[in-house]
Amino acid sequence: MVTAAPLGFRALPLPLAQLSLAAVLKCGQSFRWSIHPLDAALTAHEYRLCLHDRVVCLRQTSDSIFYRAVFPESVLLGPSEEAAREAETLAWLRDYFQLDIDLLCLYKEWAEKDAVFARLRTRFEGLRMLRQDPWENLVSFICSSNNNISRITKMVKSLCSHYSPSLLSLPLPALSSENESYHPFPPPSLLADPSVPATLRALGFGYRADFIHKTARMLVDAHGAHGGPERWLQTLRAMPTADARAELLKLMGVGRKVADCVLLMSLDKTEVIPVDTHVHQIAIKHYGLRGISGKKPTMSPALYDEINEKLLAVWGTHAGWAQTVLFTADLKSFSLYGLPTPAPTPTPSPSKRRSRASDDAGDDLTVLVPPRPNKRARKMVAVSVANVEPVEVPEIGGVSLAERVKGRRRGVQTPIK
DNA sequence: CCTACACCGAAT
DNA sequence: TTCGGTGTAG
């Protein structure tokens, strides 16, 4: 069913299998999108994110993304400036969702290499890694320690509304006449103030309040207050994985797991696999990893590396992407929000039936795929804009992916010891 | 290098 | 108690 673009929206033809907003925006990568149901049956939603100068609004059908940007009340703009803004928004979309990466191509490669993935792939289509703002990503994941998605989301929104002025206010898309105000993510300088720890604690951040404040202070001290820290974080994208990780680990509240999340989700390190206890359990179950000998499931650096190298060998250069796709299916929150909660795949031997999605792969699957040099999936996704001349999207921001990821290989296998 | 333990708050 | 961790001290 091809739907006409809602009023004020532009259409961006894109198959659901290339990008599923419902999956990507709720899977624990980003915590700041607001999600509004468009009908009582919860079959469609509008997603909104406040950037520094505009609010991006998205909707999706089976074959298109619809997008628009809303700006604060300002001087009247001419047609050319309007067009420029349109182009910026589209460019942002392509960059943020990394639309020059062909997800189908990646799924195909993972399925060929990994029987577990091959079996589960149809359950979560369109799951891709975002290319997030590093500063926001960093702070969000400092908040993630010993925490869950629901509370992280509340904390991040609370952080924005308390430390960053409202950019604009917008009526909810449907089912209500209320307004919602939109706040950008606060810059490091605003979180480096001495009053911040007490304030954040009062907001329920707990011990993370000190982490955030100290990290902000470290970055401002080292790189200045006016976009310096943000620019410096961006430079980590051009750095080998191991070097970028070492920089992140200097920050307060940033351990291996948080550092790896930032490397994967905002610093272009596609091969990095953040390892938590959940990933560990699945790695044991399906990929032949050793468990912990003792009783305390405390993750040692050596074990972390072992898991990481093992899964990297299975999935290759985009191992971090593959891990996200695979383990997102296990998220409880996915039963919410009208995602097509994957019906359990019929198992040849239906002796066991469990509720958790990942258990469906069968228990005796110990997959041992020899590591193989992997050619990057870079076939571009055809993109065009309705009512505008079709636009091909060869690369992002003038910099090809090959350029961005160049020289990363060395860091991949480097153990931390 | 590796192991306890505290730390906040919500869920169980 | 446990959890989608990290800093600190041994």
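We use all heavy atoms of the structure for the numbers below, so side chains are in, but hydrogens, waters and symmetry mates are not. We name chains A, B, ... by the order of the sequence lines, and we start the count at 1 in each one.
When the P atom of C:dG7 is taken as reference, atom CD1 of A:I142 falls 9 Å away, rounded to whole Å. The CZ-C1' distance, from A:R256 to C:dG7, rounds to 17 Å in whole Å. We find that CD of A:Q281 is positioned 13 Å from C1' of C:dT2, with the value rounded to whole Å. At whole-Å resolution of the value, CE in A:M155 and P in C:dG4 are 16 Å apart. Atom-to-atom, NZ of A:K257 to P of C:dG7 comes out at 13 Å; the value is rounded to the nearest Å. The distance from atom CE of A:M299 to atom P of C:dC3 is 12 Å, rounded to the nearest whole Å. Here B:dA10 presents its C1' atom at 9 Å from NZ of A:K154, a figure rounded to the nearest Å. As rounded to whole Å, 15 Å separates atom P of B:dA11 from atom CG of A:N146.
Residue A:V258 is classed as a sugar-phosphate contact, given heavy-atom separations below 4.0 Å to backbone atoms only. Nucleic acid contact class of A:N148 (heavy atoms, under 4.0 Å, all strands): none.
Cation-pi geometry between A:R32 and A:F185 is not satisfied (NZ or CZ under 6.0 Å from the ring centre, within 45° of the ring normal).
Taking only side-chain atoms of A:R151, from C-beta outward, the nucleotide of B:dA10, B:dC2, B:dC7 with the closest atom is B:dA10. Across B:dC8, B:dC2, C:dG4, the shortest atom-to-atom separation from the side chain of A:P301 is found for B:dC2. Each of C:dC3, C:dT6, C:dG7 was ranked by its minimum atom distance to the side chain of A:M252; first place goes to C:dG7. Nearest to the side-chain atoms of A:D276 among the listed nucleotides B:dC8, B:dT3, C:dG4 stands C:dG4.
Using a cut-off of 4.0 Å between Lys/Arg side-chain N and Asp/Glu carboxylate O, A:D210 and A:R201 are scored as salt-bridged. Here A:D305 pairs with A:R256 in a salt bridge; the nearest charged N to carboxylate O distance falls below 4.0 Å.
Side-chain nitrogen and oxygen atoms of A:T277 include at least one within less than 4.0 Å of the OP1 or OP2 phosphate oxygen of C:dG4.
The stretch residues 200-213 of chain A touches DNA chain C through A:Y207, A:F211, each having a heavy atom under 4.0 angstrom from the strand.
Between C:dG4 and B:dC2, the distance separating the two P atoms is 22 Å to the nearest Å. For the P atom pair drawn from B:dT12 and C:dG5, the interatomic distance equals 16 Å after rounding to whole Å.
Counting heavy-atom neighbours within 6.0 Å of A:K108 NZ, excluding the residue itself, gives a total of 12 or less.
Looking at heavy atoms from C-beta onward, A:H183 lies in side-chain contact with A:S161 at the 4.5 angstrom threshold.
Under the Watson-Crick and G-U wobble criteria, each requiring two contacts below 3.5 Å, nucleotide C:dT6 is paired to B:dA6.
For the pair A:V258 and A:I142, the tightest heavy-atom approach, listed with the atom from each and the gap, is CG1-N, 4.1 Å.
Checked against A:P184 for a side chain to side chain contact (heavy atoms under 4.5 Å, CB included), the options A:P165, A:S166, A:S164 give a single hit: A:S164. Each of A:D133, A:I212, A:L219 was compared with A:L138 under the side chain to side chain contact (heavy atoms under 4.5 Å, CB included) criterion, and only A:L219 meets it.
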